[in-house]
Protein chains: 2
Amino acid sequence: MLEKSHKHITCSTCVGRKNSLLGSLCHDEIDHVNAHKACNYYKKHQSLFLEGSFPRGVFCINEGMVKIFQRGDEGKEQIIHIAKTGEMVGFRSMFSETPYRVAAETLEESNICFISKEDFLNMMDSNPVLRNGIIKELSRELSDRADFITNMAQKSVRERLAFTMIILLDIYEKEPINLSREDLANFVGTATETLIRLLKDFKEEGIIEVHTRKISVLNKEKLFAIAGK
Amino acid sequence: MLEKSHKHITCSTCVGRKNSLLGSLCHDEIDHVNAHKACNYYKKHQSLFLEGSFPRGVFCINEGMVKIFQRGDEGKEQIIHIAKTGEMVGFRSMFSETPYRVAAETLEESNICFISKEDFLNMMDSNPVLRNGIIKELSRELSDRADFITNMAQKSVRERLAFTMIILLDIYEKEPINLSREDLANFVGTATETLIRLLKDFKEEGIIEVHTRKISVLNKEKLFAIAGK
DNA sequence: TTGAAAAAATGACCTTTATCATATTTCAAA
DNA sequence: TTTGAAATATGATAAAGGTCATTTTTTCAA
């Protein structure tokens with residue numbers, strides 16, 4: 001349970017920041033961000049931004065988890081990414097100066113800071129390390145999305161589920177995976193019913209263990225084998 | 001038919017460059033690139049780079065067309081993007097300093113120049129307009145790929161074919177679409193046979209006209225309607 | 001111009017996965 | 001603790017689309 005009254009998070013001691021894109025900031029810059037940023041406590045299922053709205057800055061996740069998704073024609077969500085502590089969210093559309101094509105929503109209660117577009121762009125102009133970090137990050141994500149597309153196009157739902165669980169293993173680290181069946185289905189790109197049936201298979205094959213909604217992976221190797229490399 | 005003996009293309013008069021990311025270069029910079037770049041004539045189906053190799057620079061398409069694709073587990077290609085005159089190819093992995101996760105191959109005979117990593121990174125350091133153009137481009141492509149993923153996950157093959165043809169309409173402009181059935185299938189993300197059957201449907205519905213492998217769109221509106229906005 | 005190879009097209013069949021209906025479990029508020 | 005709503009689970013069915021076999025057309029080099 002997060003401290004709901006915690007109104008200010010200090011950048012210099014922020015655990016998330018150290019390994020984040022903002023890890024390269026010098027003291028002065030950190031102080032500046034710290035003074036100008038806004039901190040917010042978000043409840044579960046609260047929206048950071050919606051598709052179609054215009055970016056006014058970037059979000060830094062101090063603590064918590066955020067899903068990035070698109071709504072398809074029939075309103076079904078496709079989850080593109082799940083961001084966690086230390087990640088920054090919402091800067092992609094900001095650079096392209098176009099409305100968000102994805103939406104972002106917390107998956108659990110979270111502490112998230114906000115840095116205005118102006119402040120952030122200024123920092124980028126004056127800090128080559130930050131700038132290069134961003135370019136690197138954008139490139140890395142482009143590669144990931146190419147993989148995502150190829151998987152979607154060529155792999156079965158079972159294979160994609162295995163692949164997705166490997167990604168989630170990385171995100172949840174030691175914790176069991178804690179997503180609704182619907183969100184999981186929307187990440188894999190399948191119907192909720194199909195996903196549930198496949199989870200049952202995995203359970204019967206001893207690959208996972210399920211406690212209500214929480215999923216623990218028992219056999220990572222088998223997941224890799226199913227995901228295909 | 002391109003001039004095969006044409007060994008040097010001059011940047012300052014390059015038609016492609018004007019609207020490209022390199023449009024912002026000043027005279028000195030253009031001269032520098034011009035002196036340091038390498039020009040090459042590529043035959044149809046020639047490789048620019050392979051998955052797994054390390055980027056040593058960027059490719060500028062002076063004339064021609066290049067497919068960017070990944071090979072899935074069974075060797076089936078998934079086309080991620082088709083680049084044409086004025087586009088730059090291969091800089092994504094260069095920034096992330098990782099091996100290429102996609103491959104690039106000409107779809108037709110092409111004139112393509114090569115700028116070394118060193119030269120290109122130097123230009124980026126000294127040219128904020130170029131730098132910001134790149135960041136904008138990377139962001140734009142990230143959005144496109146999110147759409148691609150959602151389409152792949154939620155749309156039928158028929159809808160995806162319509163969507164893909166709209167993209168190809170943009171790429172081929174006034175020219176008829178000139179791709180093998182296999183490449184088209186690999187862009188849509190389906191089996192070649194399924195694609196051929198759907199093309200037949202489109203033909204019977206008066207949406208397209210086919211002359212051997214070349215496809216002309218007769219009814220763009222209908223394509224939009226099928227693609228779903 | 002022709003003949004062989006590649007590409008495109010068609011047919012039959014079967015698997016995967018979505019959809020719809022319904023039952024069961026879980027959870028949180030009263 | 002109860003209760004109703006939401007989430008999860010299961011079953012039956014249908015449709016979309018993949019696969020394999022075969023035929024027809026196109027292409028290109030000799």
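Residue numbers begin at 1 in each chain, while the letters A, B, ... track the order of the sequences. Everything quoted here is computed from the prediction, not taken from an experiment.
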Task: Note, B/Phe114 side chain near B/Leu48 side chain (heavy atom, < 4.5 Å) - done: no

Cut-off 3.5 Å, no hydrogens considered: what does the side-chain donor-acceptor table look like for residues 198-215 of chain B, sequence neighbours left out?
| from | atom 1 | to | atom 2 | distance (Å) |
| --- | --- | --- | --- | --- |
| B/Glu205 | OE1 | B/Arg158 | NH2 | 3.0 |
| B/Glu205 | OE2 | B/Arg158 | NH1 | 3.0 |
| B/Arg213 | NH1 | B/Asn178 | OD1 | 3.0 |

Open item on the list: Less than 4.5 Å apart, side chain to side chain, heavy atoms only: is that true for A/Asp144 and B/Arg101?
Closed with: yes

Open item on the list: To the nearest 10°, give me the bend of the helix from C/dT1-D/dA30 to C/dA30-D/dT1, comparing the axes of its five terminal pairs at either end.
Closed with: 50°

Task: Results of side-chain hydrogen bond (donor to acceptor under 3.5 Å, both in side chains) for B/Thr98 - residues two or more places apart only - done: B/Ser96

TODO: Take the protein atom CG of A/Asn178 and the nucleotide atom C1' of C/dC27, then report the distance between them rounded to whole Å.
DONE: 14 Å

Task: Any donor-acceptor N or O pair under 3.5 Å, side chains B/His81, B/Glu141 - done: no

TODO: Report the distance from atom NE2 of B/His45 to atom C1' of C/dA7, rounded to the nearest whole Å.
DONE: 11 Å

Task: Check: A/His8/A/Lys37 side-chain N/O donor and acceptor closer than 3.5 Å - done: yes

Task: Note, B/Asn186 side chain near B/Phe69 side chain (heavy atom, < 4.5 Å) - done: no

Task: Carboxylate-amine/guanidinium proximity below 4.0 Å for B/Glu77 and B/Arg71 - done: yes

Task: Contact state string [nucleotides 10-25 of chain C, B base, S sugar-phosphate only, - no protein heavy atom under 4.0 Å] - done: BBB----SBBB-----

TODO: Round to a whole Å and report the spacing from NZ of A/Lys214 to P of C/dT26.
DONE: 14 Å

Task: Over 12 foreign heavy atoms within 6.0 Å of CD, A/Glu105 - done: yes

- [ ] Return the set of residues passing side-chain hydrogen bond (donor to acceptor under 3.5 Å, both in side chains) with B/Glu173 (not counting sequence neighbours), or none when no residue passes.
- [x] B/Lys84

- [ ] Check every nucleotide of DNA chain D for an atom under 4.0 Å from a heavy-atom of chain B, then give the first and the last such nucleotide from 5' to 3'.
- [x] D/dG17 to D/dT27

